[in-house]
J.: 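Handing you a structure now.
Whatever order the structure lists them in is the order used to number ligands and atoms, beginning at 1. Note that the structure is a prediction, hence the values are computed from the model and not measured. Sequential numbering from 1 along the given sequence is applied to the chain's residues.
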Amino acid sequence: MTKKIIIGNWKMNPAGLAKAKEIFQKQVASAKKLKKADVVLCVPYVYTSELGKLSKAVHLTLGAQNVFYEEAGSFTGEVSTKMLKDLGLTHVILGHSERRKLGETNEDVRKKVNAVVQKGLTAVVCVGEENRDTGGKFYRYLQNEIQESLGDLDAKYLKKVIIAYEPIWAIGKTADDAMDGKQMHEMSIFIKKVLADVFGRNAEKSVRIIYGGSVDSTNIESLIREGHIDGVLPGRASLDPKEFGKMLDIADKL
Ligand code: PGA
């Protein structure tokens, strides 16, 4: 088994830098105890520089929640992969459902994935259906989303790709509404099959698969263990240092 990864998604939180530092310092303290699990905190762009100065924890790095695919130029409001890399960031969440809701397409995600991996950063590509239908149409939806979001990516970059399966219906709910480990296992088998169809049979060994959607300290173990996945992507729980600390301890032992 490979080591586990916990990727916290702070979204547009917390409201100010002082609070961000306070939360971050507690999380650094938790991460310092880790022996093998890795932690990435994907924080708002504006906090990355200041928070980056506060951590030398071996198993903790910073990530972003989006990026633009062009290198530089007249793209008001955008941020490039080089800018993130220069700040020491290691991961970028791409295609989160909350961004897709604002209009981001599979084609946008595909371009961003390419830009991110070519810069040596890891792309955390979010996919997931809005609803489930009894006829299983959501499988087709998911297959299409994965295929189009990765598109023509050169297979040599697959080690720099993490697929975050985040069913939209499970985001922002309670642990009882989340997927369980057994269901996640089915989904991880399906995702590996889609990857194998596009990139060949070795793809499943390169691409890591994680789960997001109401993960906390009560369900992280079963999701990772029974789901046979490489980690999780918590939102709210990543802003709660106590809860997050518990999750890191559990992941470190898996
Ligand atoms: P949640 O968010 O853990 O608060 O459900 C997960 C996400 O949206 O990435």
Side-chain angles (χ1 to χ4, degrees), residues 4-15 19-20 23-24 27 30 37-45 47-48 61-67 89-104 109 112-113 116 122-132 138 141-142 145-146 149 161-181 183-184 187-188 191 208-224 227 229-251:
K4 304 299 174 245
I5 187 161
I6 315 294
I7 303 180
N9 177 10
W10 281 14
K11 308 192 180 184
M12 200 173 73
N13 298 298
K19 187 72 186 165
I23 296 172
F24 187 72
Q27 292 175 333
S30 300
D38 286 324
V39 192
V40 184
L41 288 171
C42 296
V43 304
Y45 289 140
Y47 298 152
T48 50
T61 58
L62 282 169
Q65 302 166 17
N66 184 30
V67 76
L89 272 62
T90 55
H91 292 64
V92 188
I93 295 176
L94 297 173
H96 190 282
S97 56
E98 287 155 14
R99 293 207 54 81
R100 292 181 186 267
K101 217 160 136 190
L102 294 173
E104 191 160 278
V109 177
K112 292 178 180 189
V113 172
V116 163
T122 298
V124 182
V125 186
C126 298
V127 294
E129 74 283 358
E130 185 149 9
N131 294 300
R132 287 205 161 185
F138 69 92
Y141 174 87
L142 198 58
E145 199 175 37
I146 296 170
S149 299
V161 173
I162 296 176
I163 299 283
Y165 174 58
E166 296 209 304
I168 299 171
W169 48 265
I171 293 176
K173 303 276 174 49
T174 68
D176 285 343
D177 302 304
M179 303 262 309
D180 63 29
Q183 287 171 308
M184 186 57 227
M187 294 317 293
S188 68
I191 292 167
R208 282 170 289 169
I209 298 173
I210 64 174
Y211 167 82
S214 301
V215 187
D216 63 20
S217 63
T218 66
N219 60 2
I220 181 173
E221 177 162 358
S222 73
L223 278 163
I224 293 180
I229 51 174
D230 301 291
V232 289
L233 199 167
R236 281 153 305 153
S238 72
L239 285 151
D240 176 344
K242 226 167 146 191
E243 181 64 14
F244 198 60
K246 277 193 214 167
M247 294 171 74
L248 299 191
D249 287 347
I250 295 168

J.: Students should be able to answer this: which protein heavy-atom is nearest to atom 3 (O) of ligand 1, and at what distance?
T.: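 Checked against all protein heavy atoms, atom 3 (O) of ligand 1 sits closest to Gly235 N, 2.8 Å.
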J.: Could you list which atoms of ligand 1 come closer than 4.0 Å to a heavy atom of Lys11?
T.: 2 (O), 7 (C), 8 (O)
J.: Please work out, at 4.0 Å between heavy atoms, whether the side chain, the backbone, both, or neither of Asn9 comes within that distance of ligand 1.
T.: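 The answer is the side chain.
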J.: Take Asn219 and Ser222 through the side-chain hydrogen bond (donor to acceptor under 3.5 Å, both in side chains) test and state the conclusion after the steps.
T.: CA-CA 6 Å; Asn219 60 2; Ser222 73; over 6 Å; no
J.: Can you find a pair of side-chain heavy atoms, one from Gln183 and one from Pro167, that are under 4.5 Å apart?
T.: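 With C-beta onward as the side chain, the pair stays apart.
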J.: Nearest to atom 4 (O) of ligand 1, what protein heavy atom do you find, and at what distance?
T.: Arg236 NE, 2.7 Å
J.: Check whether any side-chain heavy atom of Pro234 sits under 4.5 Å from a side-chain heavy atom of Ile6, and report yes or no.
T.: yes
J.: Within a distance under 4.0 Å of any heavy atom of Gly172, pick out the atoms of ligand 1 and give their elements.
T.: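 What qualifies from ligand 1 is 1 (P), 5 (O).
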J.: Which of the numbered atoms in ligand 1 are below 4.0 angstrom from a heavy atom of Leu233?
T.: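 It comes down to these atoms of ligand 1: 6 (C), 9 (O).
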J.: Which of the numbered atoms in ligand 1 are below 4.0 angstrom from a heavy atom of Ile171?
T.: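 Those of ligand 1 that fall under 4.0 Å from Ile171 are 2 (O), 5 (O), 8 (O).
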J.: Starting from atom 9 (O) of ligand 1, what is the nearest protein heavy atom, named by residue and atom, and what distance separates them?
T.: Glu166 OE2, 2.8 Å
J.: Which ligand 1 atoms does Gly213 reach within 4.0 Å, using its non-hydrogen atoms?
T.: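 Near Gly213, the atoms of ligand 1 are 5 (O).
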J.: Have Gln65 and Trp10 got a donor and an acceptor in their side chains that come within less than 3.5 Å?
T.: no
J.: Only distances under 3.5 Å count here; give the side-chain donor-acceptor pairs of residues 243-250 to other protein atoms, sequence neighbours excluded, each with its distance to 0.1 Å.
T.:
from: Glu243; atom 1: OE1; to: Ser217; atom 2: OG; distance (Å): 3.3
from: Glu243; atom 1: OE2; to: Ser217; atom 2: N; distance (Å): 2.6
from: Glu243; atom 1: OE2; to: Ser217; atom 2: OG; distance (Å): 2.8

J.: Report, in ascending order of atom number, the atoms of ligand 1 lying under 4.0 Å from any heavy atom of His96.
T.: 7 (C), 8 (O), 9 (O)
J.: Does any non-hydrogen side-chain atom of Val215 lie less than 4.5 Å from one of Leu233?
T.: no
J.: Does either side chain, that of Thr218 or that of Asp216, offer a donor lying less than 3.5 Å from an acceptor on the other one?
T.: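 Thr218 vs Asp216: donor-acceptor pair found between side chains.
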